[in-house]
Amino acid sequence: MSAVVFARHAMTPAERLRDAGWVAFVGLILGIPLVGLTTVDVGGRLGVETRFGLLVAAVAAVFAGRLLLRWSIDQARNRKLARDQASTATAADRAHGAQKVVTVLGWVALGASIALPIFYSDNRYVVDTATTVLIYVMLGWGLNVVVGLAGLLDLGYVAFYAVGAYSYALLSTQFGWSFWEALPVSGALAATFGILLGYPILRLRGDYLAIVTLGFGEIIRIILVNWTEFSGGPNGISSIPRPSFFGLEFTRSAPEGSQTFAGFFGLDFSPMHRLIFLYYLILVLALLTHAFVSRLRKLPVGRAWEALREDEIACKAMGMNTTNIKLSAFAIGAMLGGFAGVFFAARQGFISPESFVFTESAIILAIVVLGGMGSQMGVVLAATLLVLIPEFGRNFAEYRMLLFGLAMVLIMVWKPGGLLAHREPTLRLNPLGKAASNKEAA
Amino acid sequence: MSKTPTSTLLSVRNLTMRFGGLTAIDDLSLEVPAGRITGIIGPNGAGKTTLFNCLTGFYKPTTGTLRLAHPSHGEMRLEALPSHRVARDAQVVRTFQNIRLFPKMTVLENLIVAQHNVLQRASKFSIAGLFSLPGYRQAEKNAIERAAMWLERLKLTHLADHAAGDLPYGIQRRIEIARALCVDPVLLCLDEPAAGLNPRESAELNELLLYLCGELGIAILLIEHDMSVVMNVSDHIGVISYGRKIAEGTPEQVKNDPQVIKAYLGEDEEEGEAAA
Amino acid sequence: MLKMEGVHAHYGHIHALRGIDVEVQVGEIVTLIGANGAGKSTLMMSLFGNPKASAGRIVFDGEDITRVHTHEIARRGIALVPEGRRIFPRMTVIENLQMGTAHADPANYAADIARVFAMFPILEERQSQRAGTLSGGEQQMLAIGRALMSRPKLLLLDEPSLGLAPIYIRKIFQIVKELNRDHGMTILLVEQNANQALRVAHRGYVLQHGEITLSGSGSELLASPEVRAAYLEGGHA
Amino acid sequence: DLPVAIAGPMTGQYASAGDQIRKGAEMAIADINARGGVLGEKLKLEVGDDACDPKQAVSVANTMVNKGIVFMHGHWCSSSTIPASEVYVEADIPMATVSTNPQVTERGLKNIFRIMGRDDQQGLVAGSYIADSFKGKKVAVVDDKSAYGKGLADEMAKAMEGKGLKPTLREAITAGEKDYSGLVTKLKQAGVEVMAYGGYHTEVALILRQAQAAGLQLTVMGGDTMTNSELVTAAGPAADNVMFTFSPDPRKNPDAAPVVEKFRAAKVEPEGYVLYAYAAMQLFEQAATAAKSTKYADLEKAMRGGTFKTVIGDLAFDAKGDQKAPGFVVYRWQGGKYDYAK
Amino acid sequence: MAYALQQLINGLTLGAMYGLIAIGYTMVYGIIGMINFAHGDIFMVSAFIAVTAFTILAAADVTSIPLALTFVLIVSIFFTSAYGWAVERTAYRPLRGSTRLAPLISAIGMSIFLQNAVQLTQGARVKPIPPVLEGGVVLWDAPGFTVQIGWSQMLIIVTTVVLMLAFTWMITQTPFGRQQRACEQDRTMASLLGVNVDRTISFTFMLGAALAAVAGVMVTVYYGVVDFFIGFLAGIKAFTAAVLGGIGSLPGAMLGGLLIGLIESFWAAYLWAEYKDVATFGILCLVLMLRPSGLLGRPEVEKV
Ligand SMILES: Nc1ncnc2c1ncn2[C@@H]1O[C@H](COP(=O)(O)OP(=O)(O)OP(=O)(O)O)[C@@H](O)[C@H]1O
Ligand SMILES: Nc1ncnc2c1ncn2[C@@H]1O[C@H](COP(=O)(O)OP(=O)(O)OP(=O)(O)O)[C@@H](O)[C@H]1O
Ligand SMILES: CC(C)C[C@H](N)C(=O)O
Ligand SMILES: [Mg+2]
Ligand SMILES: [Mg+2]
């Protein structure tokens, strides 16, 4: 039984040129109205300006780019094919291998994230960006419960993030609650909102659910914008207290009767202390979230979520109360979003409705899907990418968001199942590696 | 096979199910005895699957009652229960004519999900589960053992860790039965379990059904077009056509009923001319 | 009419067909038998390039169709009753049948639809019902009817009797014979009910783990002890 | 090189403002470097894009801190300036901003210098002007629910009421929409002739166009955002009904004439924030020169203490960091140009 | 009374506008089974194309309004369809057969990309054109308040209704429409029946884009001002309209659009303008709670 496999049909140079020519032609058509022509303001009226030079250059670039792209894709495919043929790995081995890679990756990521502030202890930007990444990781993990595991498309996740953030902001500025007091309460509040939203729309499916959740997110935002007495309206809430280190403030000088962090440990005051503390704080929160969600996934609820995603009708036939399962997914997802919100408010010190717009929901959703639905490590990867791409993009100034959008499309097209699409079973009868040897044991 | 008479487990009374102008089940009455296999046959579109759907809470019958004499909970009215409670409380569990597994989950996971309610209770709102307390650990172990037992019994052990959706059709059928068994049914409703099985596999299925009913005392309601299955295992067969019961009796009686032959089995029993 | 030479096919990393050689002559009924997961359905689908053969050659009507697009293969006159029926659930019965004529001569439409309705009267009764709400057997009939609407030269039937009442199973086999005899239609048939399938078929192939292990005329295979042991025993067909 | 930075919405809905800031700053830096830089060092401009998103603003602030900038001009949106300033203050970076929300300087941060007036000031000027000039007419107060727009509109309403003119209507719209015919109809029904508006020019243009189509003659009083000439292009002749408050026109500043010429020669109309960005860089140049240092403490002291001659006039700051003599003036668009209203 | 009538006209126009975009949404939905988030941005691109075309015409001193409109429509439909085609080809086709959410994400990416591409190539400033279709008819000269309807408003309403009818006919009655629906329900099976799935999908995207192009021209004519951001809100509103009416149903999309237009306009007219979106989404939720598949969407009965 030989596994003779066709070499992929190799393109002749003429075919390559024709292909690139065709793409360039499309580029030309698309380019005429936007690149070739533009309207400019001449004395209070519009006039048309042509930029055919630019258009020609763009088309030429498309032509060359396509040639190069096609060629490198073909190369990569052939290499992959050769590799596949050469390898004799079975599906189980491969799954095992993938699992191992993910595990190793996880530990490396953990190590790196613990060590990061040590190596960058005076680099504000790095620590702060890493904090942002972790916030998104946490949001991603929260939404992963709803979308990735339970398969409920939620386009308004930012609402819970907002509930968490505003609860902390109000509890701390109005009632003087500390971060640690407000955290659980805000989480619980967000979970309550999750149930409130979830309950009436349990019957909805797919895109209907999507639009209602989107609407819910908008409703929350609009209320925050308009109910000035409550939320500060568009001005938001500023001067939100920062969390302290077991009562030690991260300030240059402490009020009477208390100590500062720097003073207590005999360090020179540096604003970096607080940044690093915040970083570790979110790292701990994120790790707790991870442990929590990973564990839940292996519990009856978690499996029920996944089953619900796969086939709701079969779930009912197995005696599962799908209402409760959906609500639990909404509630837990919302709670995690709420925690992230609390942290966000505490770190930012200022929140306003502008931070809780639909685009934010879209990005969190993109993190979940790009990561590979249901994959915890995938979320980490995707969150890192989606936060870092626009950051690196800062060097390209106005091309920044253009590149961001393009990257989203390209990653999705490159890995349609997400970056880490492999699903690891929640339990195995025959643990990997040991193969079928312990068949009897069961 | 002479069995002692047993009590009625399920009694269907004057069941009618209409879809707009179409009457899929028309004033149907039927008794399902405990601990027996009851076959349901009838032409395509007769309303067999619809009967299952009414029984298991997926459709709300237009009229009629479905009384279940549950061995431990007493009488239950199935038509008033939502589908998940039919399975959970009344322990009436079904399989589907178009297989409905959880395709991305492994075979073992499919079987564990079926034990959701037991495990969920043991996990105490997930608290016991989160901290992996002994009570929960034990429950989980039991669940796995139970699943493993059924996998073994249905010769699926070697596939336990495969994604269910990638497996061949015939195997998926068996998984679906195993999954239903994990719910611990009092009444097991099988919708064409032999479809897609070859004769040898059908024969194995027969054995399994007899074991379930004979050894474990699970009552089975069986819809099947494969006569080698229904006629061999059923204690009693009901024949439905256009939503009405047209005949009832032992396999022998049904097989020779002229109405059944006309509507369902077809006129000539011989095997047809050999191919040229 | 159809020739597969050394065809391999993969689903991702699963090697489902491992060098298949199958030939179907014009006017023949050929049956494929094999256990669950042997690759019967895959073989039929790979004729349509779905999955594409990763090696080997498929020739239909003297033309190499290995690399041809699925829809173009269909337009050359091959029709399939697929595993799992695959009717369009949110279209009505009549629309489903019309889908079968996507590339057929509209002049034949009335006659074809009449023929299908004559074969399966229940479809006529249900013609404006959404196909997704049909009973299992009705859906199977619809799938068969849809395939016949295009008057194919080669008809592929993947377990056509699945979910049908005995009276209809009989009818299906009869239809198969009639189509073959009266319309000269070439038919490739997969059936779990190997007994009956081998009876109507001129020739048969036995498929095991993606490979052809045995072939011969219908009666030869019926008599073969290996086949009996593996596929026929236990049933009373 | 000495890195200095600007930050604002270079992309997104308000990108045209970011563009103005960039053009102004680039020209300023080029001019300063042509003069030999600051304290012998050439200035290097860093540009941060916050898209008016507070979260991105913080991120930009951190990047800038890392790049070791010694001075920041920005951000533009108050909602970005407020959180970003907390980063700058910790990192000891002085900043000059055009954000007008009172909160910007009310939080007691030492590093902020506002080279523009405050919304409460411009609201007062605008509101009083309305109350004085449109006695007996029906006035509606409308805002776009942005921090800036609502704040300004509230201040205008307060000032009007203070002078005994009660607004007939108090409305809000959603920025970014295109259809304001509902609002226009409502104004028409109520017989409103003057609309005091807090928000951006793009919406005003649409409202005016739709008012005209509906046969409603509307005079608009807006704030600093109305300086954008997009208003004229977009609203057409109806723009002549727009009045707004802004600091005295820097283009009229005789000292600014050469710079204005230069901008025009480079095909940039020095409207809106262009000259402010230019002035911010001048502020830094002069403060650093005076302090003979680019250290925060020295710069801060120099800025707080000194008076600086810039293209937007003389700048001096009070204890909070607000400009001492912001002096808002009411302008009116006329035939594609704006000028002091009579 | 006159006031209410005028608000009704405003609401209908706005609703027709939403409806027009929503028809495109729903049509594309009917074939990929997924909301095409970039549709709003395709619409925005078309509006820019229309502005450029109008400006060229103005420079060429074309004064005949019907001639100008025809020219702009043709140009805009041509180029916008090309965009629709290209977006499908690059961002959706490679994702066939993966999870349903994958195209949603690449659509969001595409939407960000298009927005910024237009901003970069055409500038961040708003693009106005002088009023094209001025004037209208006075319906009622009530004391102190004249009710009028503009020519452009009539044009929008009529166009929407006509296009809705035409496309509904196409989808429900023609073989092409049938093939489209087949592609949505089971692409593999459609191709097994000889349907060229790729071409059908591409063509549907071009039709969807053409609808967006018509909407883009209408917006340009009616409001006279476009900017690179208009796709976003319009997209979300139209998406809401499509869902409210029942996704996949063209009459539903129009009905949904009209309803949203009317809710917005009357809510803002008599209640609190600032909460009009809350009203819209609130009513959407209510409707969906009562009819989970929208107003005209067919309830999804799944036979088990
Ligand atoms: N949801 C529904 N809406 C409309 N008609 C339905 C619905 N469900 C079932 N039917 C119709 O009711 C009749 C009975 O269907 P059912 O599925 O019960 O048949 P069945 O006896 O199981 O047939 P088969 O042996 O072919 O599976 C069929 O004609 C079917 O078309
Ligand atoms: N979509 C798929 N993805 C992955 N593996 C598949 C897929 N379809 C089939 N397979 C695998 O390919 C092999 C051949 O399957 P195929 O469906 O062709 O068998 P079959 O002979 O038709 O079986 P059956 O009698 O159950 O219909 C099996 O091992 C099956 O698990
Ligand atoms: C007009 C701009 C400077 C922005 C506005 N004043 C604000 O502070 O947000
Ligand atoms: Mg059935
Ligand atoms: Mg098969």
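Protein chains get the first letters and strands the later ones, always in sequence-line order, with residue 1 at the start of each.
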Where do [X] and [Y] come nearest, in terms of heavy atoms and distance?
{"X": "Val93(B)", "Y": "Met318(A)", "answer": "CG1-CE, 4.4 Å"}
{"X": "Phe96(B)", "Y": "Ala314(A)", "answer": "CE1-CA, 4.2 Å"}
{"X": "Ser83(B)", "Y": "Lys316(A)", "answer": "OG-CD, 3.2 Å"}
{"X": "Asp161(B)", "Y": "Leu427(A)", "answer": "OD1-O, 4.3 Å"}

Interface residue of largest heavy-atom contact number with chain B, from Cys315(A), Pro425(A), Ala307(A), under 4.5 Å: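 Sorted descending by pairs with chain B, the first entry is Ala307(A).
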Top contributor to chain B interface from Lys298(A), Arg303(A), Arg309(A) [non-hydrogen pairs under 4.5 Å]: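 Ranked by contacts with chain B, first place is Arg303(A).
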Any donor and acceptor pair, going by atom type alone, linking the side chain of Glu109(B) with main-chain N or O of Thr426(A) inside 3.5 Å?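 Looks like yes, one N/O pair under 3.5 Å.
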Within residues 167-183 of chain B, residues adjacent to chain A where the heavy-atom gap is under 4.5 Å: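 Within residues 167-183 of chain B, the residues that come under 4.5 Å of chain A (heavy atoms only) are Arg179(B), Val183(B).
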Go through the atoms of Leu119(B) and report whether side chain, backbone, both or neither lie under 4.5 Å from a heavy atom of chain A.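 For Leu119(B), heavy atoms of backbone and side chain both lie under 4.5 Å from chain A.
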Distance (rounded to the nearest 0.5 Å) between Glu312(A) CD and Arg100(B) CZ: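 Between Glu312(A) CD and Arg100(B) CZ, I get 10.0 Å after rounding to 0.5 Å.
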Within this structure, what is the CE-CD distance for the pair Met105(B) and Glu310(A), rounded to the nearest 0.5 Å?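 Met105(B) atom CE to Glu310(A) atom CD measures 7.0 Å (nearest 0.5 Å).
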Interface residue of largest heavy-atom contact number with chain A, from [options], under 4.5 Å:
{"options": "Asn117(B), Val118(B), Thr56(B)", "result": "Asn117(B)"}
{"options": "Leu151(B), Val113(B), Thr106(B)", "result": "Val113(B)"}
{"options": "Asp89(B), Asn110(B), Ile112(B), Val92(B)", "result": "Ile112(B)"}

Using a 6.0 Å cut-off, check whether atom OH of Tyr199(A) has over 12 heavy atoms from anything other than its own residue.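 Open: at most 12 neighbouring heavy atoms sit under 6.0 Å from OH of Tyr199(A).
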May I ask you to check whether over 12 heavy atoms, not counting those of Phe193(A), lie within 6.0 Å of atom CZ?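 Open: at most 12 neighbouring heavy atoms sit under 6.0 Å from CZ of Phe193(A).
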With chain B as the partner chain, list the residues of residues 319-333 of chain A whose heavy atoms fall under 4.5 Å from it, by residue number, and write 'none' if nothing qualifies.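 At a heavy-atom separation under 4.5 Å, chain B is reached by Gly319(A), Met320(A), Asn321(A), Ile325(A).
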